[in-house]
Amino acid sequence: MTMPKDNPYLAHRHPTERAISSASTLNGASPSSREPLYGFVPRMVNADQVGQALEHDLNPFTKQPHTAQYKKILEARKKLPVFAQMTEFYKIFNKHQIIVMVGETGSGKTTQIPQFVAYSDLPHTKNKMVACTQPRRVAAMSVAKRVADEMDVPLGRQVGYSIRFEDMTEPGTTFLKYMTDGMLLREAMNDPDLNRYSTIILDEAHERTLATDILMGILKSLAQRRSDLKLIIMSATLDALKFQKYFAVSGGTPAPLFKVPGRTHPVEVFYTQEPEPDYVEAAIRTVLMIHRAEEPGDILLFLTGEEEIEDACRKIKLEADDLINSDPESVGPLICIPLYSSLPPQQQQRIFDPPPKAGSPDGPPGRKVVISTNIAETSLTIDGIVYVVDPGFSKQKVYNPRIRVESLLVSPISKASAQQRAGRAGRTRPGKCFRLYTEKDFMSELEEQTHPEILRSNLANTVLELVKAGIKDLVKFDYVDAPAPETLMRALELLNYLAALDDDGNLTALGSIMAEFPLDPQLSKMLIASPEFKCSNEILTITAMLSVPNVWMRPNNQRKEADIAKAQLTVPDGDHLTLLNVYNNYIQNQYDKNWTWNNYLSARALMQADNVREQLKRTMERFEVELISVQDQKKMFMAIRQSLCCGFFMQVAHKEGDKGNYMTVKDNQAVALHPSCGLDTQPEWVIFNEFVLTTRPYIRTVTDVRPEWLLEYASSYYDLDNWPDSEAKRALLRNKKKQAGKFEARFDQVETSKEGGGSAKKRKRKQG
DNA sequence: GAGCACTGC
C-alpha cells in the first residue's frame, strides 16, 4: 500500500512522532496543572486518558477553565450507555480504518461518538475536521448545539454545523462539524478527496437516503486512496451486517462492529386476528377502544396523508364527544392533533401541548391523540406517547424509468418501519403497540427493509453530481444497492440531450456549471440559457418558485374564495408566468404576511422561494451567468417561454382533437391539463413542469410554446427522422416546412419584417 | 374539476 506524503497520521508509526507536551509546565508539576491533552498521541489515545482530560479544570480546546454547567452536563453524559464502552470504542477505532456502529435509541451515539473521535484524531492540531452527517437539517443544527454545550464552547466556533442556507462554522477553528448528508455530497463534488476531514461519520445510515447511499460508495473508494481517513457508519441493528460486508477489507473480512445497547422501555405488540378491510375505520375504532379501556397515556396513530388525517381527526372527535356525554364518569376528555409536513410550524408545535385536564376533579384524566404521517416515524419525536396504533401503510415514492415519472403510492410499510413505529411507544415508559394486521402478515408479507431511496428515484441530478465528482463509469460504481440500469440510462440520456454530457458521457463545460446549482438539470439548463433571451432575472424567479412547495393554499371550507384570489394573479399565457407574477407581487407588497394571507398564498413557501432565489443568484454571479431583463413585457413573456424550451423540451404535450386531449411528444402518453392550470385557451403545444398521476394522468404548471422554438433550441432531441410516427411528429414536420417556406419568401422579398410582429397578430387572434 | 409521504442541495 502506498501512503500519501502528506498523511498527517503516518507520523505515529515512526519514533519521531511526538505526543502533545506541555511547554509551560515544569518537571514534577501535578497532572492537573499540565495541558489537559498532555501525552496524547493521535489515534493512540485511550479511554483513561480521555477520562482524565474530561475531568481536567481546563478546557483543552479553549484553554479556559470549565464552567459549572460543563461539570453538570458531564455527569449526565457519564450515564449514557455509550460512555460505559469508551475503552472498547478506542480499541476498535485505533485499530481499524472503517467501523460500523450500532446504537439503538437513547445510546447517546450521535452526540458522544464524534467527541470521542475528536479526542483521538486531535483534528485541531492538524487543521482537520471530524464530520458527522445527518439526513435532516434540524438534527444537524440541534445536535451541534447540544455538543457545543457539552464541550463548553460557543456554537459555531470549535463545534459547528453546515446546512443549506446556513454555515455555522469558522474556518480554522471548527474541528467538529455536523452537517446534512447532501451538504457533504456537494463538497465531495468539488473536492473528491475530502482532504479537510480526518474522520467522517455517517449517522442514520439505515435510513438509506439517496445522499447517504452515494456517500457510502464515494467514501468506500476514497478510503482506499486515503489511508489516513477513518470512517464510522452508524446504523440500526437490522442493517449492520449489510454495511459490515459492504465495507469489508480486501481479504473479505467484514468491517468490525461496535455495538451499544439503547435505553428504551419495553413495548408490548398486539396484532389483529383477521385482516382489516378498512384501515382508517379500524384505526379510529382502536383509538377509541384505547381511550375507553386503557390506562392514562397519549396515543400516536400513523396514517398516510393530509386528507386521511384531517378526516380521522374529525371522526374521532365526534365519537369521543359522544362517549363523554353518555358516560362522563368513566371517559375523560380527548384532543386530536393532526401532524404532517405542510402544516405551519406553529400548528406542528401543538403536538407538544399537554393532554387535556380531567373534566371534573375526580373524573378520569384527559388524553392526547396525535394523528401523523411518517413524519413522526423519524423526524419528530413526541414524548409521553404510550400507545401506538399502526395500520401498516405509508405513502412512498416510486419511480418508473420507462415513463420517467415519480409518483406517490400508498404501500405497506416494512418490518423495520413497523419496529420503528412501535418503538415510539416506549420512550418514556413501557408502552403498547396495536398493529392493524395479523402476525402472519407481518411475518410473511412485509419486506424486511424499506427499499432504499436510490431504487425509487429519478437519478438525473445524482448522475450529474457523480460525473462532476470524477466518477467515470456509473454502471460499475460500487453501490450498496445498484439502481436499475434503465434508471441510469434514462438519467444519462436526459443529461446528454441537455448537453451536460457529451456523446461519450464526459462532462461538458455547460454540465460542469449546471452541477453547481442545487437544482434538477432541466432547471439549471434553462437558467444558464436564459441570458441569451435577456430574461435571466425572470427565469431565476421562476426557477426558485418551481423549487419550493406549492404556494397556493386552498382550505377545504374556502375553496371558492381561494380560487377567486388565484384568478386575480393568473397570467393567461402560462402558469410559469403566473408564478413570476405572484413572486413580483409578493415583493411589491414588501413580503407582507397579511397580503399572502388575503391572497391564499403560503407565506412560508414564498419566503423559501426568496431564499432559494438569493442562493441561486449567488451561484449565477460566481459563474458569470448574466442577470438581465428586457423591459417590454410582451418581449419578456416571449423570451421566458423560449427559455423554458431550452430546459423542458422533453416535457412537451401536443393537443389532439378539440376535446382538450393532449399527448406527450415522443412518449405518446395521453394527458390532460391539470384543473389548477390557468391558461385561458387550449394551445396546440404546451410545455409542462410535472406529470402527476392521480385520478388520471395530468400535466401541471403548463405554458403555451411554439413548435419552431422546440425545433430550434432542442434540435438534437427533435431530430424527427428517428421518431415513430405520431400526430405530433406530423405537425412538427408541417411546421418545419412552413418555416422553410417563410425563410425563402423573406429572401425573395428582400425586405425583412421585424421579429415579434407575427406574434402580436397571433395573440390578437387568440384573444378575439 | 384537483389534493403535497418525507428529506436534501
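Throughout, protein chains are lettered first and strands after them, A, B, ... in sequence-line order, and every chain is numbered starting at 1. Here the structure is a predicted model, which is why all the values come from computation and not from measurement.
The side chain of Glu306(A) has dA5(B) as its nearest neighbour among dA5(B), dG3(B), dA2(B). Candidate nucleotides dC9(B), dG3(B), dT7(B) were compared by shortest atom distance to the side chain of Thr695(A), and dG3(B) ranks first. The side chain of Thr373(A) lies closest to dA5(B) when the candidates are dA2(B), dC9(B), dA5(B). When distances are taken from the side chain of Ser379(A) to each of dT7(B), dG3(B), dG1(B), the shortest belongs to dT7(B). For Asn461(A), the side-chain atoms get nearest to dG8(B) when compared with the rest of dC6(B), dG3(B), dG8(B). Distances from the side chain of Arg554(A) to the nucleotides dC6(B), dA2(B), dC9(B) place dA2(B) closest. Taking only side-chain atoms of Tyr698(A), from C-beta outward, the nucleotide of dA5(B), dC9(B), dG1(B) with the closest atom is dG1(B). Minimum atom distance to the side chain of Asp563(A) is reached by dG1(B), of the listed dA5(B), dG3(B), dG1(B). Closest to the side chain of Pro518(A), from the set dA2(B), dC9(B), dA5(B), is dC9(B).
Whole-Å rounding puts the Met553(A) CE to dA2(B) P distance at 22 Å. Distance, Ile214(A) CD1 to dT7(B) P: 21 Å, rounded to whole Å. Between the CG atom of Asp575(A) and the C1' atom of dG1(B) there is a distance of 15 Å, rounded to whole Å. Residue Leu210(A) contributes atom CG, which lies 16 Å from atom P of dT7(B) at whole-angstrom precision. Atom C1' of nucleotide dC9(B) and atom CG of Leu527(A) are separated by 15 Å, given to the nearest angstrom. The separation between Arg618(A) atom CZ and dC9(B) atom P is 13 Å, rounded to whole Å.
Across all strands shown, Arg559(A) has heavy atoms under 4.0 Å from base atoms, whether or not it also approaches the sugar-phosphate. Nucleic acid contact for Leu185(A): none, since no nucleic acid atom lies under 4.0 Å from a heavy atom of the residue. Using a 4.0 Å heavy-atom criterion, one finds that Ile375(A) contacts the sugar-phosphate atoms exclusively. Backbone-only engagement by Pro135(A) is indicated by non-hydrogen atom pairs under 4.0 Å involving sugar-phosphate atoms exclusively. The residue Arg164(A) sits close to a base: some heavy atom pair falls under 4.0 Å.
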Run the salt bridge (Lys or Arg N to Asp or Glu O under 4.0 Å) check on Lys242(A) and Glu448(A) step by step: do they pass? CA-CA 13 Å; Lys242(A) 178 163 192 153; Glu448(A) 289 297 324; over 6 Å; no
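For dC6(B), the OP1/OP2 oxygens have a side-chain nitrogen or oxygen of Ser341(A) closer than 4.0 Å. Neither OP1 nor OP2 of dG8(B) sits under 4.0 Å from any side-chain N or O of Thr180(A). Not one side-chain nitrogen or oxygen of Arg696(A) sits closer than 4.0 Å to the OP1 or OP2 atom of dG1(B). A sub-4.0 Å separation between OP1 or OP2 of dC6(B) and a side-chain N or O of Tyr340(A) is absent.
Checking side-chain atoms of Lys468(A) against main-chain N and O of Met189(A) turns up no donor-acceptor pair under 3.5 Å. Judged purely by atom type and a 3.5 angstrom limit, Asp575(A) has no side-chain atom pairing as donor or acceptor with the backbone of Thr578(A).
Between Phe517(A) and Leu339(A), the residue anchored closer to the 5' end of DNA chain B is Leu339(A), taking for each the nucleotide with the nearest heavy atom.
Taking the centre and axis of the six-membered ring of Phe352(A), the NZ or CZ atom of Arg350(A) falls outside the cone set by 45° and 6.0 Å.
In summary, of the residues considered (Thr133(A), Asp181(A), Thr180(A)), a side chain to side chain donor-acceptor pair (under 3.5 Å) with Thr209(A) occurs for Asp181(A) alone.
Checked against side chain to side chain contact (heavy atoms under 4.5 Å, CB included), Met545(A) has the following partners two or more places apart in sequence or in another chain: Thr541(A), Val551(A), Leu579(A), Val582(A), Tyr583(A), Leu606(A), Ala609(A).
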